[in-house]
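Worksheet: the structure to be examined is printed underneath.
Throughout, a chain's letter reflects where its sequence line sits, starting with A, and its residues are numbered from 1.
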4 protein chains.
Amino acid sequence: MSAPPRPGRPRSEQSRQSVLRAASELLREAGLRAMTTEEIANRSGVSKATIYKWWPNKYAVAIEAFLGELMAEAPDPDTGSAREDILGVIRGLAHFYSGASGRVFAQLVGEGQSDTTVAAELQAHLVAPRRALMRTVWDRGVARGELRDDVDPDVAVDLLLGPLLYRLLLGHAPLDAPAIDAIIGSALGGLAAERAYHQN
Amino acid sequence: MSAPPRPGRPRSEQSRQSVLRAASELLREAGLRAMTTEEIANRSGVSKATIYKWWPNKYAVAIEAFLGELMAEAPDPDTGSAREDILGVIRGLAHFYSGASGRVFAQLVGEGQSDTTVAAELQAHLVAPRRALMRTVWDRGVARGELRDDVDPDVAVDLLLGPLLYRLLLGHAPLDAPAIDAIIGSALGGLAAERAYHQN
Amino acid sequence: MSAPPRPGRPRSEQSRQSVLRAASELLREAGLRAMTTEEIANRSGVSKATIYKWWPNKYAVAIEAFLGELMAEAPDPDTGSAREDILGVIRGLAHFYSGASGRVFAQLVGEGQSDTTVAAELQAHLVAPRRALMRTVWDRGVARGELRDDVDPDVAVDLLLGPLLYRLLLGHAPLDAPAIDAIIGSALGGLAAERAYHQN
Amino acid sequence: MSAPPRPGRPRSEQSRQSVLRAASELLREAGLRAMTTEEIANRSGVSKATIYKWWPNKYAVAIEAFLGELMAEAPDPDTGSAREDILGVIRGLAHFYSGASGRVFAQLVGEGQSDTTVAAELQAHLVAPRRALMRTVWDRGVARGELRDDVDPDVAVDLLLGPLLYRLLLGHAPLDAPAIDAIIGSALGGLAAERAYHQN
DNA sequence: CGCTAACCGAGACGGTACGTCCAGTCTTGCT
DNA sequence: AGCAAGACTGGACGTACCGTCTCGGTTAGCG
């Protein structure tokens, strides 16, 4: 049931948490790049050697700290209406992106462009789960006949989430409630004037 | 009309080009982060002091080098069909994103998450022009009655470009031709099963 | 008579010997400075905590390991001739200095320059006994009238042993048999051309 | 005549001196082992990177700092008497060994036991010159008939200098004036009771 | 045609963070 | 109690890169 008692002094849970807490604060105060391992060590009272023993570099710490904060996964709203479900998920996401966490997330994505490890971690822990949730919502809507069954689900998810990321990372326009509603509305309704226009 | 003739030796055009060429090579070979000013100086035969005299830091060099390569702006296809115009523009963009330039662009966007200056330069020189082009195409489609006139053009552009950026930056799915066509097809046709479903 | 039986598990003699044996090997293979407590622990199968429980630091382990190897003290030759006695002692010493033990000894002396404890241990266990032996030989020679009775015995011992240490520690010349004989011969005979020259 | 003007900014002589001065102070205050490169950088106002550019490690800095302090080489007394010449040189040396410089020198010799580079530097700059001076004095004494011509000069020098080093490094007895005189007196006069005793 | 201002290559420099290493201590649970 | 295993603090190490700063030498174009 519990972990097999391994010999030797066990890893200090308190140290782990102090490090993650300190990293979390620094991420908000200074940002990912400006945060230094040294400062994490100072704030947390945990020595640099210990930090490097458990994490390969500050980005790994940042990701774990960031994930720890998200606590619970975003819940599946399941309102009975595909449109409302989608809006629910996306609004939650937009709210997350708009706050301090959004900046940190964006910086992690940025780092991921040059650091494969960061990208993989992000993919596994932050991107995939959200795509999966959206996929669940999508499949339900299709099953109920509210959403098109001739659209590749991956494409559909990209169409719903892509614009948010685009705004978060390029920052050319806000991510407020009206914007979200307009984006989702247009994604569902389509951009072409005539339905017949679509013939893929 | 032309530059007022200033006293003293004029800036060396050859140095400028050597630097940009060297930076360009390094961007492809090593990536944005791994590229060092020192190495640009070595390869170009231009001293670090001169580089710092004309550019504030290596990111400015990278952006200028990167822009110089793009040469001509993407042209407006203007085929007579809004759908074809959009496909033309997006296919060109996807091709660009899929190559080596795409990686560099992604790294620049990544850097922009922590560096306001980089973000602003990207916005001005790489993001805005493309949005503008897409906007032109969009407006023409609306005028011809092929595209909806009740959708905010900014939202429409986000819907068309967002999924591409999403795939480029998160890398969860490819950016090949079939994917592009599916994305654009779905964006135009909408995700909802019934047109009436849309009522924004 | 025997040790008072203390409560609890007694110190493991086997651990002690494993540590000393491992330290001994490492001293020869890597030298005093490069030898780490960690490695002693690994090789000996004795934990670092146990090592630090019984020795204050790695130098103490090194000294004890080193002493253990010397086993028997150098014997007093007592040949009947002071000259031969001196040569016997010094030759033994030179032989010892010339081998691997000599390097270790030199490194310990080196460490003693910055670490008082090491210096004191060396003094007590390695330097004093040899000086004492040499002093015994000296006194016997004086008593027999072979050696001068107007020379401070400490000075005499320094004169006989000093050149050896000098060669060991500065390494400017070898410590082979002819060199030893020449040194002792000159020390006994004196450097001045005329005996009368000496008038201290 | 002067150095050929090499391109680039010349090495800062001021930095060099600041580093050496700071190292010198620290050697006296803290000793060789306790002195850190970091602290040299702080005191001197010279960055660590610059220090590591010009010296491979703190021991190289220490040696250069130490040598710089010795300024002039010890002069050849040349009094006309070999005995007086020897006494002059040795007394100067003993005085040097007895002071703060002596401790530093001893620590350097100690370090030299584990670090070949340090040993070589010491040999070249501190040991060899003194042996050379002593050799000069020796040869003159031999030429004048005051010193024995049947003793290997290297052995003679070892006999004169060895006991000093021995006392410096093992610290079993002082290096004061009477000790010096006794040592040199005995070295010249020899330890054997009868001159005939010597027959090497 | 020579003056002079601005250019430029070479490379030293201060600063800052990095990631590593080792000494020595502390904490488990087993023997 | 002793002990193996191994986590932990503290602090120095040497490296790397950034952006600034001298040097000496070069190169327009004005006077």
Side-chain angles (χ1 to χ4, degrees), chain A residues 5-16 33-39 41 45-58, chain B residues 5-12 14-15 18 33-39 41-42 44-59, chain C residues 6-12 14-15 33-39 41-42 44-59, chain D residues 5-16 33-41 44-58:
Chain A
R6 304 218 293 98
R9 177 177 174 177
R11 174 173 180 186
S12 157
E13 181 58 23
Q14 186 191 314
S15 284
R16 201 185 79 94
R33 293 286 284 277
M35 169 180 84
T36 71
T37 316
E38 194 86 43
E39 183 62 15
V46 171
S47 79
K48 226 172 20 144
T50 300
I51 296 177
Y52 277 109
K53 165 150 204 183
W54 297 109
W55 293 275
N57 53 47
K58 70 174 177 178
Chain B
R6 304 215 288 104
R9 178 177 173 179
R11 173 174 179 185
S12 157
Q14 186 192 314
S15 284
S18 297
R33 293 287 284 276
M35 171 181 82
T36 71
T37 316
E38 196 82 42
E39 184 60 16
N42 287 343
S44 63
V46 171
S47 78
K48 259 202 306 178
T50 302
I51 296 177
Y52 277 108
K53 166 146 203 185
W54 298 108
W55 292 275
N57 52 48
K58 72 172 178 178
Y59 299 109
Chain C
R6 302 216 288 104
R9 180 174 170 182
R11 174 174 180 185
S12 156
Q14 186 191 315
S15 284
R33 291 287 283 277
M35 171 181 82
T36 70
T37 317
E38 196 82 43
E39 184 61 16
N42 288 343
S44 63
V46 171
S47 79
K48 261 203 305 178
T50 302
I51 297 177
Y52 277 108
K53 165 145 204 186
W54 299 109
W55 292 275
N57 52 48
K58 72 171 178 177
Y59 298 109
Chain D
R6 304 219 293 98
R9 177 176 174 176
R11 173 173 180 187
S12 157
E13 180 58 22
Q14 186 192 313
S15 284
R16 200 186 80 94
R33 292 288 283 276
M35 170 180 84
T36 72
T37 316
E38 195 85 42
E39 183 61 15
I40 297 179
S44 63
V46 170
S47 79
K48 226 174 20 146
T50 300
I51 296 177
Y52 277 111
K53 166 150 204 183
W54 297 109
W55 293 274
N57 51 48
K58 70 174 179 178

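- Within the structure, every side-chain polar atom (N or O) of B:S12 is placed at least 4.0 Å from both OP1 and OP2 of E:dG9.
- The side-chain tip of B:R11 points at the ring of B:W54 from less than 6.0 angstrom away and within 45° of straight on.
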Practice item. Let me see the working for C:K58 and C:Y52 under side-chain contact (heavy atoms from CB on, under 4.5 Å), right down to the final yes or no. Key: CA-CA 8 Å; C:K58 72 171 178 177; C:Y52 277 108; 5.6 Å; no

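- No side-chain donor-acceptor contact under 3.5 Å links B:S15 and B:S18.
- Along DNA chain F, the nucleotide nearest to C:T50 and the one nearest to A:W54 differ in position, and the one closer to the 5' end is contacted by C:T50.
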Practice item. Classify every nucleotide of nucleotides 21-28 of chain E by which part a protein heavy atom approaches to under 4.0 Å, writing B for the base, S for the sugar-phosphate alone and - for neither, in 5'-to-3' order. Key: BSSBBBBB

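- The shortest distance between the side-chain N/O atoms of C:S15 and the OP1/OP2 oxygens of F:dA4 is below 4.0 Å.
- Across the protein-nucleic acid pair, B:R11 atom CZ and F:dG29 atom P stand 16 Å apart, rounded to whole Å.
- In this entry the distance linking CD1 of A:I51 with P of F:dG10 reads 12 Å, nearest Å.
- In this structure, OG1 on B:T50 lies 9.5 Å from CH2 on B:W55, to the nearest 0.5 angstrom.
- Distance, B:E39 CD to F:dC18 P: 11 Å, rounded to whole Å.
- As rounded to whole Å, 16 Å separates atom P of F:dC21 from atom CD of D:Q14.
- Rounded to whole Å, atom C1' of E:dG9 lies 14 Å from atom NZ of B:K53.
- With sequence neighbours left out, A:T36 forms a side chain to side chain donor-acceptor pair (under 3.5 Å) with no residue at all.
- Among residues two or more places apart in sequence or in another chain, the side chain to side chain donor-acceptor pair (under 3.5 Å) test is passed with D:R9 by none.
- In this structure, the CD atom of D:E13 is 10 Å from the P atom of E:dC13, given to the nearest Å.
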